[in-house]
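Written below as structure tokens is the structure these notes are about.
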Number of protein chains: 2
Amino acid sequence: MAIEHAILVSLAERSASGYDLARRFDASIGHFWKASHQQIYKVLGRMEGDGWVASEVVAQDGRPDKKVYAITLAGREELALWTSRPTPAEHLRSEFAVKIRALPFGDPAAIVQDVHARRSAHLDRLAYYEQSAAKHYPRPDQLDDAEIGGWLVLRGGLLAEQAGIAWCDEILQRLTASEATER
Amino acid sequence: MAIEHAILVSLAERSASGYDLARRFDASIGHFWKASHQQIYKVLGRMEGDGWVASEVVAQDGRPDKKVYAITLAGREELALWTSRPTPAEHLRSEFAVKIRALPFGDPAAIVQDVHARRSAHLDRLAYYEQSAAKHYPRPDQLDDAEIGGWLVLRGGLLAEQAGIAWCDEILQRLTASEATER
DNA sequence: CCTTGTCATGCAATTAGTTGCATAGTAGAT
DNA sequence: ATCTACTATGCAACTAATTGCATGACAAGG
């Protein structure tokens, strides 16, 4: 019970087709909640049955028809109700952390490579967030109510990426230090 | 294909029953990979079929028998092989972030409460990590190879919790500031 | 002309994970 | 006496999510 709410938020911000949503879940919202297009289409169907969203087929020229979904009043009510319920504790699921813990039983050189790859992925996302912040929120000290949520989520992403980079640096420092000693 | 590896790491560190593993997945390893006992028992059965682990029934007095699992040679090989494969990009799934983004469509007071709750959960885990670090790694500048993985994962947890607290503080600052203005 | 990429929607099969239930003995508290 | 909590293992039913496949039109590059 959560992808529904991510979709509701996205549709509350702006109506969209399943395809549009899939792209949003590849980018902005997708940095905090991933979903494949198959999953989105399936859940949209269920949500329409529940009356949370309504669809309208829109013909396009030079492109296939699309089904544009909009949030309904019932959908908005559900969304508000959801925000009023406490968020259940979320549990990380970090394969990377498990792999770091597996250091004594594995291939240190390969793991170091992995850390480098992860570090550069963090850097990429950090750059993306910074660009996104500069573009969409040029005046963070003067945000209106509609913008505050998006801004704060971006800030969270930024802080998380910075922490991730710091962790990678610490790992690399440890691992390359011991490597140097071994020689 | 990942809970298997978390179990393999845990068993490589020390043999254990399903029950023991479930408790580990409630604490140490569980901070980075959660698993219920039902799932653990199911996966252990499959892993035994694959020859990655072997079990032995141990009778106890005053307590039910237990099935102690140990990692096999094949299991160690699989574990090493896994560390040599690159880790697929992991995607967060933060219901909390979605809820923050839902701020303009929801109940701000309830969300503020949620942020407070999350902040104190972060503080609790931070305290746990700090205690754990002091207890198990009193000399972080003199770690041997077997300890390095556990230490680095703890460090990652610490950094993540600190970043989480900083985020909560930023959110609360924003939200309580706007609340003050409204009056 | 042919390939690759984008737009657009979806089904089917499988795997992963959650929820609920069942059993059974011991220990400690009320 | 009774209730709660801990140790210990597991099945069954369900829901969520992934993987693989299918279709079809248009646009751009080689």
Side-chain angles (χ1 to χ4, degrees), chain A residues 1-8 10-11 15-27 29-30 32-50 53-69 88-95 98, chain B residues 1-8 11 15-27 29-30 32-50 53-69 87-95 98:
Chain A
M1 278 288 150
I3 212 214
E4 282 87 344
H5 298 107
I7 289 176
L8 283 179
S10 202
L11 290 181
S15 295
S17 68
Y19 187 83
D20 294 333
L21 283 170
R23 278 187 310 174
R24 289 186 199 168
F25 277 84
D26 266 351
I29 318 242
F32 310 97
W33 200 284
K34 289 273 177 217
S36 63
H37 76 228
Q38 292 91 336
Q39 203 189 345
I40 289 166
Y41 284 122
K42 205 191 290 175
V43 172
L44 276 174
R46 189 164 69 216
M47 288 169 77
E48 191 164 25
D50 290 342
V53 298
S55 68
E56 195 192 352
V57 177
V58 176
Q60 303 179 106
D61 54 314
R63 286 179 186 183
D65 293 0
K66 62 178 175 179
K67 242 161 116 180
V68 176
Y69 288 88
E90 47 194 54
H91 34 98
L92 314 187
R93 197 150 266 217
S94 172
E95 187 168 339
V98 175
Chain B
M1 276 287 152
I3 212 215
E4 282 88 343
H5 298 107
I7 289 175
L8 284 178
L11 290 180
S15 295
S17 67
Y19 188 83
D20 294 333
L21 283 171
R23 277 187 309 174
R24 288 185 200 169
F25 276 84
D26 266 351
I29 319 242
F32 310 97
W33 200 284
K34 289 273 174 215
S36 62
H37 76 259
Q38 291 92 335
Q39 202 189 348
I40 289 167
Y41 285 121
K42 204 193 291 177
V43 172
L44 275 173
R46 188 165 68 217
M47 289 170 76
E48 190 164 25
D50 291 341
V53 299
S55 67
E56 193 191 354
V57 176
V58 176
Q60 302 179 106
D61 52 316
R63 286 180 190 184
D65 292 1
K66 63 178 176 179
K67 242 161 116 180
V68 176
Y69 288 89
T87 308
E90 45 194 54
H91 34 98
L92 314 186
R93 201 150 260 217
S94 172
E95 188 170 334
V98 175

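Side chains are part of it too, since the values below use all heavy atoms of this structure and drop only hydrogens, waters and symmetry mates. Per chain, numbering begins at 1; letters A, B, ... match sequence-line order.
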Looking only at the side chain of [X] (C-beta and beyond, no hydrogens), which of the listed nucleotides [options] gets closest?
X       : options                : value
A:Lys42 : C:dG10, D:dT18, C:dA16 : D:dT18
A:Lys66 : C:dC7, D:dT7, C:dT9    : C:dT9
B:Asp20 : D:dA8, C:dA13, C:dG10  : D:dA8
B:Arg93 : D:dT18, C:dA16, C:dG17 : D:dT18
A:Lys67 : C:dT9, D:dT9, C:dA16   : C:dT9
B:Ser36 : D:dT9, C:dT19, D:dA16  : C:dT19
A:Gln39 : D:dT18, C:dA8, D:dA8   : D:dT18

Length of the line joining [X]:[atom1] and [N]:[atom2], which is rounded to integer Å:
X       : N      : atom1 : atom2 : value
A:Ile40 : D:dA16 : CD1   : P     : 15 Å
B:Glu4  : C:dA16 : CD    : C1'   : 10 Å
A:Glu95 : C:dA16 : CD    : C1'   : 14 Å
B:His37 : C:dT18 : NE2   : C1'   : 11 Å
B:Tyr41 : C:dA22 : OH    : P     : 18 Å
A:Arg23 : C:dG5  : CZ    : C1'   : 13 Å
B:Ile3  : C:dT15 : CD1   : C1'   : 13 Å
B:Tyr19 : D:dC6  : OH    : P     : 8 Å

Review point. Is a salt bridge present between A:Asp20 and A:Arg23, judged by a nitrogen-to-oxygen distance below 4.0 Å?
Key: yes
**Study point:** Considering all heavy atoms, the nearest B:Tyr19-B:Tyr41 contact
**Key:**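 Answer, listing the atom of B:Tyr19 first, then B:Tyr41: N-OH, 3.5 Å.
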**Study point:** Check: B:Gly30 main-chain N/O paired with B:Arg24 side-chain donor or acceptor under 3.5 Å
**Key:** no
Review point. Quick one: on DNA chain D, does A:Trp33 or A:Arg63 contact a more 5' nucleotide (nearest heavy atom)?
Key: A:Trp33
Review point. Out of curiosity, A:Ile40 CD1 to A:Met47 CE, how far, rounded to the nearest 0.5 Å?
Key: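 If I round to the nearest 0.5 Å, the distance is 11.0 Å.
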Point to revise | CD1 on B:Ile3 to NZ on B:Lys42, rounded to 0.5 Å | key: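 Here the interatomic distance stands at 10.0 Å.
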Exercise for review: Tell me which of B:Pro64 and B:Gln38 sits closer to the 5' end of DNA chain C, going by the nucleotide each one is nearest to.
Suggested key: B:Gln38
Exercise for review: Check whether any side-chain nitrogen or oxygen of A:Arg46 sits under 4.0 Å from OP1 or OP2 of D:dT15, and answer yes or no.
Suggested key: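 The answer is no; no side-chain N or O of A:Arg46 sits under 4.0 Å from OP1 or OP2.
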